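Presented below is the structure to which this report refers.
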Amino acid sequence: MAERSTAAVDVADNSGDEPLTAQADQATADGVATNRERDTDIDEAQGSGGTEGPGKASPPELHSGHKLARRYRLEECVTRLDGFSSWRAVDEKLRRAVGVHILPADHARARSVLAAARSSALLGDPRFVQVLDAVEENDLVYVVHEWLPDATELTALLAPGPLEPHDAYQMVSQVASAMAAAHREGLAHLRLNPNAVLRTSSGQWRIRGLAVNAALRGITSETPQRTDTEAIGALLYAGLTQRWPYENDAYGLSGLPKDIGLIPPDQVRAGVHRGLSELSMRALVNDGATASRHESACTTPEELVKAIGEMPRIRPPEPAFTAPPEYQRTTYQQGTYGRPAPHPGVTQPLPPPPPPLQSRTGKVLKWAVSALLIAALGLGSWQLADALMEQGNKSDDTNQTQTTDDNDKSGDKTKPVKPLSIAGAKEYVASGDAQAPNDVQLTYDGDSSTYWRTKRYNEGPTLAPYKPGVGIVYDLGSAQKISTASIGLRYDGNNTTVKLYAADSLSPSTGIDGMTEIGTATTSGKSLTVKASKSAKTRYVLLWITAVPYAPTDGYSGAGYKQAVTDVTFKG
């Protein structure tokens, strides 16, 4: 649970010549709680540079326990400023934690907040904290969004020190890619700072407050792509140096020394990765203080993604090797039990080996053992010959009655299976909404840490009646005969059921009933092999999931019935 406290808030201003991310003043906010999951920053207040003035409406009288739409029960106020408030709440219908922004319906920015929330919800990109509802009701406007209890803000991650190069690389790569996708849909953030970037327990980076945070504060920009690109550069700069790239302190980070201007990260702290240092300078507005090779500046998230792709990939650090403990001999080893312990510094003579069996008794024993061995060999040879003769008779009888298929050219030889390459894939939606259409390629990228996931369902394990099933159609490039499919799964648990169908295209013209079923299998583990029950030669294969296990809360959704596919391999 969050610890209640009164915290300082920073005031963002984009009205002057300095960039949006550089401005920070201090004020006091009422009812602010320190919590890792806050859609609006604790250290935030109304931006003074927006196109609209502060809302004249007074904030609604709300309290813990108040219910919205007889569903969302308010638990704790995490932000209250300039006519709106943000709360941690409970969705009593779905029994999960959510976040809620609330402001009066006659607030000056109520219409723009509703429009921003609905536009953000339509994006449906899992890299952003999702807007779940945007409603105007009973003189109130409220926006409901995801609550991520396992996520940590970048601000908290930087408190002990800067990020490792691989972590900083992952952060800037994922954030830049997400913002490039948002701008392609006409959406900007304009409040992208260390409090708006979260890392989940699975290592994924997520962004909260897309369009909504700026709308709540009336912040606009004539160059939204440049504003967000500069903000990503500031995040990378902070991640590399644990310093804010402007003179003012902000977000718990110290600013740069005054009167020296913006200097590259590798001049602020020793050991900073050179490529990432240059990348942050290309994204920041730096008045000519470019990196040593003087590359062109990145003015859009798309250009920043391209620049990241041109860099050598930074791999995670090798795990530290721990030497195993030295083997300790025990006193129960051969030749030591009952032997007195040697005195220090005294060399113990080795005991002489026992004499060979040279006595009369020993010779008799040797002859007896030899006779037994000869008898055993003779008996074994006789039994082997008898078995071979019997098998030969059976073979003759079989050859007299069995017919041979003329088409079987290889006899008893089994044709070796070979992996089939995947040329492309597309999510198949039989009814309702798609699951994660942008992630289907992650199921055959060779990386087990990436995956395509289903949505979370309240009832299970069978997906019906919500959906007849969910799945992906794979293109094998040409018609192939399929023998098996190996499928890696993210969640274990009973009842994961997968079926394979032969489809006519990436967008099948018929439903499931019109396709030919190749095979089916069920598992309770994290891997599954579907063997073909009938011979089928097809170019397009539908992997169809009809039942999923109950899985716990993770970085994408709460506990419920769900599954994710990490790797898919077809063999023919």
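Only this structure's heavy atoms are used, side chains among them; waters, hydrogens and symmetry mates stay out. The model shown is predicted, which means the values in this text are computed figures rather than measured ones.
Judged purely by atom type and a 3.5 angstrom limit, R199 has no side-chain atom pairing as donor or acceptor with the backbone of L154. Of the possible donor and acceptor atoms, one in the side chain of Q435 sits under 3.5 Å from a partner among the backbone N and O of K455. Panel note: side chain R109, backbone L216; a donor-acceptor pair is recorded below 3.5 Å. Within the 3.5 Å criterion, the main-chain N or O of W205 finds a donor-acceptor partner in the side chain of Q174. Remark: side-chain polar atoms of R206 are paired, donor with acceptor, to backbone N or O of P126 under 3.5 angstrom.
What you find for R243 and Y237 is that their closest heavy atoms are O-CD2, 3.7 Å. The minimum heavy-atom distance between W452 and T443, with the atom names listed, is CB-CG2, 3.5 Å. The minimum heavy-atom distance between A117 and V212, with the atom names listed, is CA-CG2, 3.7 Å.
If you look at Y72 and W87, their ring centroids are not closer than 6.0 Å.
With a 4.5 Å cut-off on side-chain heavy atoms, L140 and I102 count as touching. The closest side-chain heavy-atom distance from I207 to V129 is not below 4.5 Å. A 4.5 Å side-chain heavy-atom check between Y457 and L463 finds at least one atom pair inside the cut-off. A heavy-atom distance below 4.5 Å is found between the side chains of R111 and V141.
Side chains of S86 and T79: no donor on one and acceptor on the other come within 3.5 Å. Inspection of the N213 and H189 side chains reveals no N or O donor paired with an N or O acceptor under 3.5 Å. No hydrogens or angles considered: nothing links the side chains of Q563 and T454 as a donor-acceptor pair under 3.5 Å. Of the N and O atoms on the side chains of N195 and T155, at least one donor lies less than 3.5 Å from an acceptor on the other residue. A side-chain N or O of S448 and one of D567 form a donor-acceptor pair less than 3.5 Å apart.
Between Y169 and the options E164, H273, R313, a side-chain contact (heavy atoms from CB on, under 4.5 Å) holds for only R313.
With sequence neighbours left out, the ring pair (Phe, Tyr, Trp, His ring centres under 6.0 Å) criterion links F128 to no other residue. Legend: residues meeting salt bridge (Lys or Arg N to Asp or Glu O under 4.0 Å) with R71, ordered by chain and number and at least two apart, are D91.
Residue E222 places its CD atom among 12 or fewer non-hydrogen atoms of other residues, nucleotides or ligands, all under 6.0 Å distant.
Using a cutoff of 4.0 Å between basic side-chain nitrogens and carboxylate oxygens, R226 and E303 are not scored as salt-bridged.
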* Trace of the side-chain contact (heavy atoms from CB on, under 4.5 Å) decision for L240 with L163 -> CA-CA 6 Å; L240 296 173; L163 300 178; over 6 Å; no
